[in-house]
Participant: 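Structure provided below as structure tokens; questions to follow.
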Amino acid sequence: MALTDFEKKVLKLLKKVPRGKVITYSKLAKMAGSPRAARAVGNALHKNPDAPVVPCHRVVKSDGALGGYAGGWRRKTKLLREEGVVVKNGKIVDFKKIAV
DNA sequence: CTATTGACGACAT
DNA sequence: CATGTCGCCAATA
């Protein structure tokens, strides 16, 4: 998959996110070293070399919306629910409480 | 090197 | 609260 350093960093950070919690693209970008590169982060995840190694579904938008997902936001929502995250109408409930 | 694009963010309307 | 516009960064053509 020839991932770039930036993408690798993002993936690695994402792996650290505990199950049942979520993280925002911007926060991930910030940890990766570029606080405004939320889009670039999304792009990295979209390429999705993750599979079972990186929980892409735990990445959401800054306002608590799910954002996108390679397999569709429906799937993302379902996975989050499985981990104990309550999602309502495409938005995360108590997002602030479960966000890392 | 420049142009286009995309799983975003903040602000204006 | 919903939608639209501009700005952001990195990857790719």
Side-chain angles (χ1 to χ4, degrees):
Chain A
M1 272 299 293
L3 296 176
T4 65
D5 288 328
F6 183 79
E7 296 174 333
K8 285 185 198 169
K9 216 169 204 171
V10 172
L11 297 176
K12 186 171 177 125
L13 290 166
L14 180 54
K15 285 190 224 167
K16 294 165 144 212
V17 180
R19 184 175 175 279
K21 288 204 146 191
V22 297
I23 188 169
T24 63
Y25 292 96
S26 63
K27 205 165 252 190
L28 215 43
K30 184 175 166 95
M31 289 191 287
S34 300
R36 313 290 145 74
R39 285 174 103 147
V41 172
N43 254 331
L45 296 178
H46 190 206
K47 286 182 180 177
N48 202 21
D50 52 24
V53 295
V54 181
C56 309
H57 59 273
R58 282 184 205 150
V59 187
V60 297
K61 295 193 21 169
S62 62
D63 57 350
L66 294 190
Y69 190 61
W73 64 273
R74 286 183 35 83
R75 196 135 179 200
K76 188 167 180 176
T77 303
K78 184 169 183 175
L79 286 166
L80 286 172
R81 279 190 183 175
E82 293 263 337
E83 297 193 351
V85 178
V86 183
V87 180
K88 179 93 173 180
N89 197 23
K91 311 287 185 249
I92 295 179
V93 179
D94 293 326
F95 161 67
K96 205 170 184 177
K97 294 183 181 178
I98 63 179
V100 180

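Letters A, B, ... are given to chains in the order of the sequence lines, protein chains preceding strands, and every chain is numbered from 1.
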Participant: Nearest to the side chain of A:Glu7, heavy atoms from C-beta on, is which of B:dG9, C:dA10, C:dA11?
Facilitator: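 The nucleotide sitting nearest to the side chain is C:dA11.
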Participant: Without decimals, in angstroms, what is the distance between A:Asp5 CG and C:dC9 P?
Facilitator: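 Whole-Å distance recorded here is 18 Å.
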Participant: Counting C-beta onward and ignoring hydrogens, is there a side-chain heavy-atom pair between A:Val22 and A:Leu80 closer than 4.5 Å?
Facilitator: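 With C-beta onward as the side chain, the pair touches.
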Participant: So what does A:Ala38 hit on the nucleic acid, given a heavy-atom distance under 4.0 Å: a base, only sugar-phosphate, or nothing?
Facilitator: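 The answer is sugar-phosphate, as A:Ala38 gets under 4.0 Å only of primed atoms, P, OP1 or OP2.
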Participant: Heavy-atom nearest nucleotide on DNA chain C for A:Ala37 versus A:Ala2: which residue maps closer to 5'?
Facilitator: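 By nearest-heavy-atom nucleotide position, the 5'-most residue is A:Ala37.
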Participant: Atom CG of A:Leu66 to atom P of B:dG9: distance rounded to whole Å?
Facilitator: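 Distance check: A:Leu66 CG to B:dG9 P gives 12 Å.
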Participant: Calculate the interatomic distance between A:Lys61 atom NZ and B:dG9 atom C1'; express it in whole Å.
Facilitator: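 My rounded result for the distance is 8 Å.
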Participant: Working note: A:Val59 + A:Tyr69, criterion side chain to side chain contact (heavy atoms under 4.5 Å, CB included); need CA distance, chi angles, decisive distance, verdict.
Facilitator: CA-CA 9 Å; A:Val59 187; A:Tyr69 190 61; over 6 Å; no
Participant: Could you tell me whether the side chain of A:Tyr69 has a donor or acceptor atom within less than 3.5 Å of a complementary atom in the base of B:dA7?
Facilitator: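 No, the side chain and the base share no sub-3.5 Å donor-acceptor pair.
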Participant: Please give, in whole Å, the distance from B:dG6 P to A:Leu28 CG?
Facilitator: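 Going from A:Leu28 (CG) to B:dG6 (P), I get 21 Å.
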Participant: For A:Lys30 and C:dC8, give me the distance from atom NZ to atom P, rounded to whole Å.
Facilitator: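 Spelled out: NZ on A:Lys30 to P on C:dC8 is 17 Å.
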Participant: What integer distance in Å separates A:Lys27:NZ from C:dC8:C1'?
Facilitator: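 Taking atom C1' of C:dC8 as the reference, NZ of A:Lys27 is at 19 Å.
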Participant: In whole angstrom, what separates A:Asn43's CG from C:dC9's C1'?
Facilitator: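 These atoms are roughly 9 Å apart.
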Participant: Hey, does the side-chain of A:Arg39 have a donor or acceptor N/O within less than 3.5 Å of a partner on the base of C:dC9?
Facilitator: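 It does not, because no donor-acceptor pair links the side chain of A:Arg39 to the base of C:dC9 below 3.5 Å.
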Participant: If you look at every strand shown and take non-hydrogen atoms under 4.0 Å, does A:Thr24 touch a base, only sugar-phosphate, or nothing?
Facilitator: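 No contact.
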Participant: Do you reckon A:Phe95 sits in the same ILVMFWY cluster as A:Ile23, going by side-chain contacts under 4.5 Å, direct or chained?
Facilitator: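 Result: no, two separate clusters.
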Participant: How many Å lie between NE2 on A:His46 and C1' on B:dA7, as a whole number?
Facilitator: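 Atom NE2 in A:His46 sits about 6 Å away from atom C1' in B:dA7.
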Participant: Does the side chain of A:Thr24 reach to within under 4.5 Å of the side chain of A:Leu28, using non-hydrogen atoms?
Facilitator: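 The answer is no; the side chains never approach within 4.5 Å.
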Participant: If you compare every side-chain N and O of A:Thr4 against the phosphate oxygens of C:dA11 (OP1, OP2), does one of them come in below 4.0 Å?
Facilitator: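 Result: yes.
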Participant: Looking only at the side chain of A:Phe6 (C-beta and beyond, no hydrogens), which of the listed nucleotides B:dG9, C:dC8, C:dA11 gets closest?
Facilitator: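 Selected nucleotide (nearest to the side chain): C:dA11.
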Participant: Report yes if a side-chain nitrogen or oxygen of A:Ser62 is closer than 4.0 Å to either non-bridging phosphate oxygen (OP1 or OP2) of B:dG9; otherwise report no.
Facilitator: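 Yes, A:Ser62 has a side-chain N/O under 4.0 Å of OP1/OP2 on B:dG9.
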Participant: For residues 81-90 of chain A, which side-chain N or O atoms pair as donor and acceptor with protein atoms under 3.5 Å away, sequence neighbours left out?
Facilitator:
| residue | atom | partner | partner atom | Å |
| --- | --- | --- | --- | --- |
| A:Glu83 | OE1 | A:Gly20 | N | 3.3 |
| A:Glu83 | OE1 | A:Arg58 | NE | 2.8 |
| A:Glu83 | OE1 | A:Arg58 | NH2 | 3.4 |
| A:Glu83 | OE2 | A:His57 | NE2 | 3.1 |
| A:Glu83 | OE2 | A:Arg58 | NH2 | 3.0 |

Participant: Quick check for you: among B:dA7, C:dT12, B:dG9, whose closest atom lies nearest to any side-chain atom of A:Lys47?
Facilitator: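 Selected nucleotide: C:dT12.
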